[in-house]
Amino acid sequence: MKKAIVFGAGGFIGNHLVKRLKAEGNYVVGVDLKHPQFSKSLANEFITADLRIAANVDNALQGGADELYQLAADMGGAGYIFTGDNDANVMHNSALINLHTAEMAVKHQVKKIFYSSSACIYPAFNQTDPTNPLCSEESAYPAQPDSEYGWEKLFSERLFLSFQRNYGLDVRIARFHNIFGPESEWQGGKEKAPAAICRKVAQADNSGEIEIWGSGTQTRSFLYIDECLDGVRKLMDSRFSEPVNIGSEEMISINNLAKMVIALSGKKLNIKNIEGPVGVMGRNSDNRLIAAELQWKPTAPLLEGMKKTYVWVNAQLTAQVPQ
Ligand code: NAD
């Protein structure tokens, strides 16, 4: 039986990944500051630990692992990473986790490590046109991410690649593009656009309005969690060790995403565009490299995943209403 360790196992993607790895027959150890919020972890062992502390990373990796998935990070949606208020914590906390992880993975002879980077590493100057953003892997340089979150991700990509070059660490790196689905943060400030829009629509009166940050013409693509995990597992099983996009190419404006959710709800709602943190004006996954190297592409339309996400967010709200 293979042993897989998941850092960030209490988070959205980490908790889903633990389920997937268990279903594939692995012995899974989860590590996080906290247990998952919305369902019990299926990990064989769950260690509650702060991975900013080297001794905790050292301890978690005792005995090594066949696979280590490093997903732990201080992160959130636009309301968390684009306001500037959390920059120091985002950089400091995530960099510490990654520095210790790289060092201890070598010390404990972890056989293969996955690192979750982000589309936020791509240069701001290539993402000013909402209809035609450039996010091919080689366009990452010359670098100019639009957030400190993106800079830290780029630094850590380079960190893991350096450990690969100098210490033989076997590395896989994915640049995730907006992963969404049930059991993600949906309130409280760290939620991302799909869950936030589902919440706003579910909370709105039948013929009211919802607020959307910015002009709403900014574009993004969104990848459903199950498809993201298909990509991650495929990458991990491959020999491809350069950073690669894992995302969808179904680009949509944020106002149109809101319209999609409004239609799903059956309500008659207006959209009010207000001032707010928006990030770059356009972003879309470029899947040419992953298609060529791994013969992988996502298949489910955005609408399908949004339906499941809306149903789940709506159920959370209903559960909160006192009877
Ligand atoms: P998440 O916030 O739900 O999960 C991250 C987890 O890391 C949390 O459970 C958190 O408690 C844990 N963590 C933070 N600091 C820690 C510490 N000091 N010690 C131990 N655990 C700590 O986020 P997610 O959406 O599941 O994202 C997982 C990874 O994928 C992150 O690295 C994120 O940057 C990356 N990513 C996600 C997306 C996305 O759309 N969700 C996009 C790009 C990249």
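One-based numbering, in listed order, for ligands and for the atoms of each. Numbering starts at 1 and runs along the sequence shown.
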Heavy-atom distance to [atom]: which of [options] wins?
atom	options	answer
atom 24 (P) of ligand 1	Leu96, Ile13, Val6	Ile13
atom 10 (C) of ligand 1	Ile81, Asp32, Ile47, Leu223	Asp32
atom 30 (O) of ligand 1	Gly77, Pro194, Ser116	Ser116

Residues Glu183 and Ser39: side-chain donor-acceptor under 3.5 angstrom: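 Ser39 and Glu183 do have a side-chain donor-acceptor pair below 3.5 Å.
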Gln62, CD: over 12 other non-hydrogen atoms inside 6.0 angstrom: yes
From CA spacing to verdict: salt bridge (Lys or Arg N to Asp or Glu O under 4.0 Å), Asp237, Arg172: CA-CA 9 Å; Asp237 286 345; Arg172 304 290 179 272; over 6 Å; no
Parallel, tilted or perpendicular, as decided by the 30° and 60° cut-offs, for the rings of Trp186 and Trp312: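 Rings of Trp312 and Trp186: perpendicular, over 60°.
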Aromatic ring pairing Tyr167/Phe163, orientation class (parallel under 30°, perpendicular over 60°, tilted between):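 Geometry flag for Phe163 against Tyr167: tilted rings.
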Reference residue Val31; test side-chain contact (heavy atoms from CB on, under 4.5 Å); the match among Leu68, Val57, Leu51: Leu51
Lys3 and its side-chain contact (heavy atoms from CB on, under 4.5 Å) partner, picked from Asn44, Val29, Asn26: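 The residue from Asn44, Val29, Asn26 that satisfies side-chain contact (heavy atoms from CB on, under 4.5 Å) with Lys3 turns out to be Val29.
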Determine whether the side chain, the backbone, both or neither of [X] has a heavy atom under 4.0 Å from any heavy atom of ligand 1.
X	answer
Asn178	backbone
Ala9	neither
Lys34	side chain
Val31	neither

Contact between ligand 1 and [X] is defined here as a heavy atom of the residue under 4.0 Å from a ligand atom; is it met?
X	result
Lys153	yes
Ser94	no
Phe180	no
Asn93	no
Ser117	yes

Short side-chain to backbone donor-acceptor contact, Glu191 and Gly189, under 3.5 Å: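 Indeed, once roles are kept as given, a pair shorter than 3.5 Å links the two residues.
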Contact atoms of ligand 1, heavy-atom distance to Arg52 under 4.0 Å: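 By the 4.0 Å cutoff, the relevant atoms are 18 (N).
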So for ligand 1, is [X] a polar contact partner (N or O within less than 3.5 Å, distance only)?
X	value
Tyr149	yes
Met75	no
Ala72	no
Lys192	yes
Leu51	yes
Gly11	yes
Phe12	yes
Gly8	no
Asp50	yes

What is the closest protein heavy atom to [atom], and at what distance does it sit?
atom	value
atom 29 (C) of ligand 1	Leu71 O, 3.2 Å
atom 14 (C) of ligand 1	Ala73 O, 3.3 Å
atom 42 (C) of ligand 1	Phe176 CB, 3.6 Å

Residue pair Asp286, Tyr122: steps toward the side-chain hydrogen bond (donor to acceptor under 3.5 Å, both in side chains) verdict: CA-CA 11 Å; Asp286 182 326; Tyr122 287 112; over 6 Å; no
Which atom names give the shortest non-hydrogen contact between [X] and [Y], and what distance separates them?
X	Y	value
Ala258	Ile271	CB-CD1, 3.8 Å
Glu185	Gln37	OE2-OE1, 3.2 Å
Arg283	Cys120	NH1-SG, 3.5 Å

Aromatic centroids of Tyr224 and Phe180 separated by under 6.0 Å: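 When the ring centroids of Phe180 and Tyr224 are compared, they turn out to be within the sub-6.0 Å range.
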Qualifying residue, where the test is side-chain hydrogen bond (donor to acceptor under 3.5 Å, both in side chains) with Ser156 and the options are Arg158, Lys153, Glu152: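 Result for side-chain hydrogen bond (donor to acceptor under 3.5 Å, both in side chains) with Ser156: Glu152.
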